[in-house]
Protein chains: 4
Amino acid sequence: MSPRSKAQFAALRDKSMAAIKSAALELFGQQGYHFTTVSQIAKAAGVSKGLLYNYYSGKEELLNAIIMDVVEMGEQFLDQLMTAALTPLERITAIVDGSIAMVQSDPHYWKLLTSLSLQINVLDEALTATLKNRQAAANARLATIFREMGYADPERETLHLEATMDGMMIHYLTQLEDYPIQAMRDYILQQYQRFQKPE
Amino acid sequence: MSPRSKAQFAALRDKSMAAIKSAALELFGQQGYHFTTVSQIAKAAGVSKGLLYNYYSGKEELLNAIIMDVVEMGEQFLDQLMTAALTPLERITAIVDGSIAMVQSDPHYWKLLTSLSLQINVLDEALTATLKNRQAAANARLATIFREMGYADPERETLHLEATMDGMMIHYLTQLEDYPIQAMRDYILQQYQRFQKPE
Amino acid sequence: MSPRSKAQFAALRDKSMAAIKSAALELFGQQGYHFTTVSQIAKAAGVSKGLLYNYYSGKEELLNAIIMDVVEMGEQFLDQLMTAALTPLERITAIVDGSIAMVQSDPHYWKLLTSLSLQINVLDEALTATLKNRQAAANARLATIFREMGYADPERETLHLEATMDGMMIHYLTQLEDYPIQAMRDYILQQYQRFQKPE
Amino acid sequence: MSPRSKAQFAALRDKSMAAIKSAALELFGQQGYHFTTVSQIAKAAGVSKGLLYNYYSGKEELLNAIIMDVVEMGEQFLDQLMTAALTPLERITAIVDGSIAMVQSDPHYWKLLTSLSLQINVLDEALTATLKNRQAAANARLATIFREMGYADPERETLHLEATMDGMMIHYLTQLEDYPIQAMRDYILQQYQRFQKPE
DNA sequence: CATGAATGAGGGTTCATTCAT
DNA sequence: AATGAATGAACCCTCATTCAT
């Protein structure tokens, strides 16, 4: 019936949406959310401003879409890791190394995310709530690893690892090659390697 | 009719500048840097926009001035702490507790500062460089504490403490009363309490 | 596989055009002409924007088509009334009551039409001229009623009735149930009932 | 204290606000509200767009301000008329003639107002409510005239006169010199001249 | 006949900054 | 030292319309 099939329309749409998201991610990461204009994004994506607004209700929704994409990528990473046949220590090592790799491969973007999470009036409440829930779920999974290792308070251990990792990350993001990230990584993992399960 | 003395002018000037900085700090903290307008600051400070521009070349310089104030406050705190008659462990405890107290007393403001430090194009290069130097100096002083305690690699220990502290802070700033900051504080300090100086 | 007959195509076409006009009428009436978008009309009519532009050269022509429909409905009503076997007073009563009934049955729509007739740059000149002619023709028919009744100046009487009716309508449209439209109707008709044909 | 006195600032401000309102009134009247852009208004007023927004929160508030100005002019006219030493018939004559003169002197503007009162989503609720109240107050004053003349139902007579007047006005506004407004005026007043106070 | 992706000119609005006094 | 009126560039967003298929 249709001159273009549904699938053709969908392909067109998906392509444009992906181009827009990709351009926005790049620019938000490089310049920051507030300093990036919708015009810049449209131009970088090779589409008109109007088309951008056909697919995203505004600059903020575009940001939300990007963040959700990344959240889901992170969860898939954690899924794979938790279902793989690994010892607890190997899992932790994979998490630490995976996190470092992610941040190293796209530091601008992680600056953006961390910064946004601390800003007021930028992320809308619905998204903030979602992120909180997802974070809690991830924490619970991490805690099972420490429980398996025999830690007395796995939840506290989870929070401690996350604090150290996130702190390390913001220092790395601020200083980049001046920060001894590999040495820090080794030092963090050392503690878990030395841990002896109490009788 | 008698002209005001130079001292009187200086007093007026200092009072206005302080009012401006105070108003800006308050508003930046509550609303974020980008969502705070110069007009709002001037109105809150009880001065005209024109006067604000007499004292500060713009919104950004005002931000810089505020940040430098805080940096100096932090350094004074560290000064007092390092010259007081304390054991190394007491010093570390004071640093940890002092940091937590500061963040708890004005979380909005620390959200702002942390967020800004991760944003690009907001803080100018000169200020960024200054902050880096000051941070390095503070690190060196912290390292002396760990050296005194007998740690094998005091610099690494400093970075580790800072990472854990900063990570904890951003989690606290994001979750506030949902974050068990006291328990984390105890756990962090525990490690230093248990440390045995190698023979 | 057999191609559709011309009649089938025409039926499809008429159905789509009617759906579009109906949707447009509804939306223009509810939201006003300016606040209704072509996309909304197409969606409400269940057709694509492209198809809408196949049938109507744009938003304005669609409006014109709707207005012409109503003009023709009004003329048919007048036709029936003038050819029916009625006394002059019955005719006037029917006109007054018919007008009130029409406006009461769809006040949003009549708000729209009245408002449009007063706006500049919305209705194009050709349509405005047409409306003027049709109005003049209707006036002439109305005047015959008053002439039949023996009024000295039937044209003036026509203008007077129309002014009173239209004024009453805009007050009704503005105030709706707060306006005593039935009492006004009675009062208007009373004057014609009391009129005595001069010898 | 101030480099410009308060009065000087106020004069500057009032001059600009008046220029803006005057330009807006002119353009709204000529082109209609929706077809007039803020840029056009600013240019016609000889000020920047920014200044316009210093004084009016937007296009709509500017419209509201203009409407309120006119409402108050109308009320002043009615005030003068009601306090002057006139017979009831002279008062009515003055109201009719005054209304016609107002509409004749600025037809575009009255087209605008009438059209707006019938449009949805244009005038905000607060203004609509205010206009309703003012209209009711004006009606009450008009009714006192008819009461004084001895009409059995002065309120109804008021509504009737207003309907006829407003209807006549929209016909005049639509047809201008083609509409026999003086003849209509005479015919309307004739009815009141002939009225005999019942015993 | 029918689709909806794509356009782009132009709209209303904001706000850091300047400047005459 | 101090004011606030005035600027204008740039922003986000809308929507009637076109067009390849």
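Order of the sequence lines fixes the chain letters, A, B, ..., with proteins taken first and strands second; residue numbering starts at 1 for each chain.
Smallest separation of non-hydrogen atoms from A65(B) and Y56(B): CB-CE2, 4.0 Å. Minimum interatomic distance between L25(A) and I66(A) (heavy atoms only, all atoms of both residues): N-CD1, 3.6 Å.
For DNA chain F, the neighbouring residues in residues 52-60 of chain C, judged by any heavy atom under 4.0 Å, are Y53(C), G58(C), K59(C). Within residues 18-49 of chain A, the residues having any heavy atom under 4.0 Å from DNA chain E are, by residue number, V47(A), S48(A), K49(A).
Residues in residues 111-131 of chain C take part in no salt bridge (charged side-chain N to carboxylate O under 4.0 Å, His left out) pair, two or more places apart or across chains.
Here A44(B) pairs with A23(B), L27(B) under the side-chain contact (heavy atoms from CB on, under 4.5 Å) rule; sequence neighbours left out. For F35(B), the ring-ring contact (aromatic ring centres under 6.0 Å, His included) partners at least two apart in sequence or on another chain are H34(A). With sequence neighbours excluded, the residues forming a side-chain contact (heavy atoms from CB on, under 4.5 Å) with L123(D) are L63(D), I67(D), L116(D), L127(D), T128(D), L131(D), listed by chain and number. Every residue meeting the salt bridge (charged side-chain N to carboxylate O under 4.0 Å, His left out) condition with K21(A), not counting sequence neighbours, appears here in chain and number order: D69(A). Here Y33(D) pairs with F28(D) under the ring-ring contact (aromatic ring centres under 6.0 Å, His included) rule; sequence neighbours left out. Every side chain to side chain donor-acceptor pair (under 3.5 Å) that Q119(A) has, sequence neighbours left out, goes to S115(A), S115(B). With sequence neighbours excluded, the residues that form a side-chain contact (heavy atoms from CB on, under 4.5 Å) with S48(D) are L51(D). Judged as a side chain to side chain donor-acceptor pair (under 3.5 Å), and not counting sequence neighbours, the contacts of E61(C) are S57(C).
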Where each pair must be Watson-Crick or G-U wobble with both distances under 3.5 Å, what dot-bracket representation of DNA chain F is obtained, with crossing pairs in [ ] and other-strand partners as |? .||||||||||||||||||||
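Between the CZ atom of F9(A) and the P atom of dT3(E) there is a distance of 9 Å, given to the nearest Å. Q8(A) has its CD atom 13 Å from the P atom of dG4(E), to the nearest Å. Distance, D14(A) CG to dA5(E) P: 10 Å, rounded to whole Å.
Close to dA6(E), at under 4.0 Å from its OP1 or OP2, lies a side-chain N or O of S16(A).
Within the 4.0 angstrom heavy-atom criterion, base atoms lie near L51(A).
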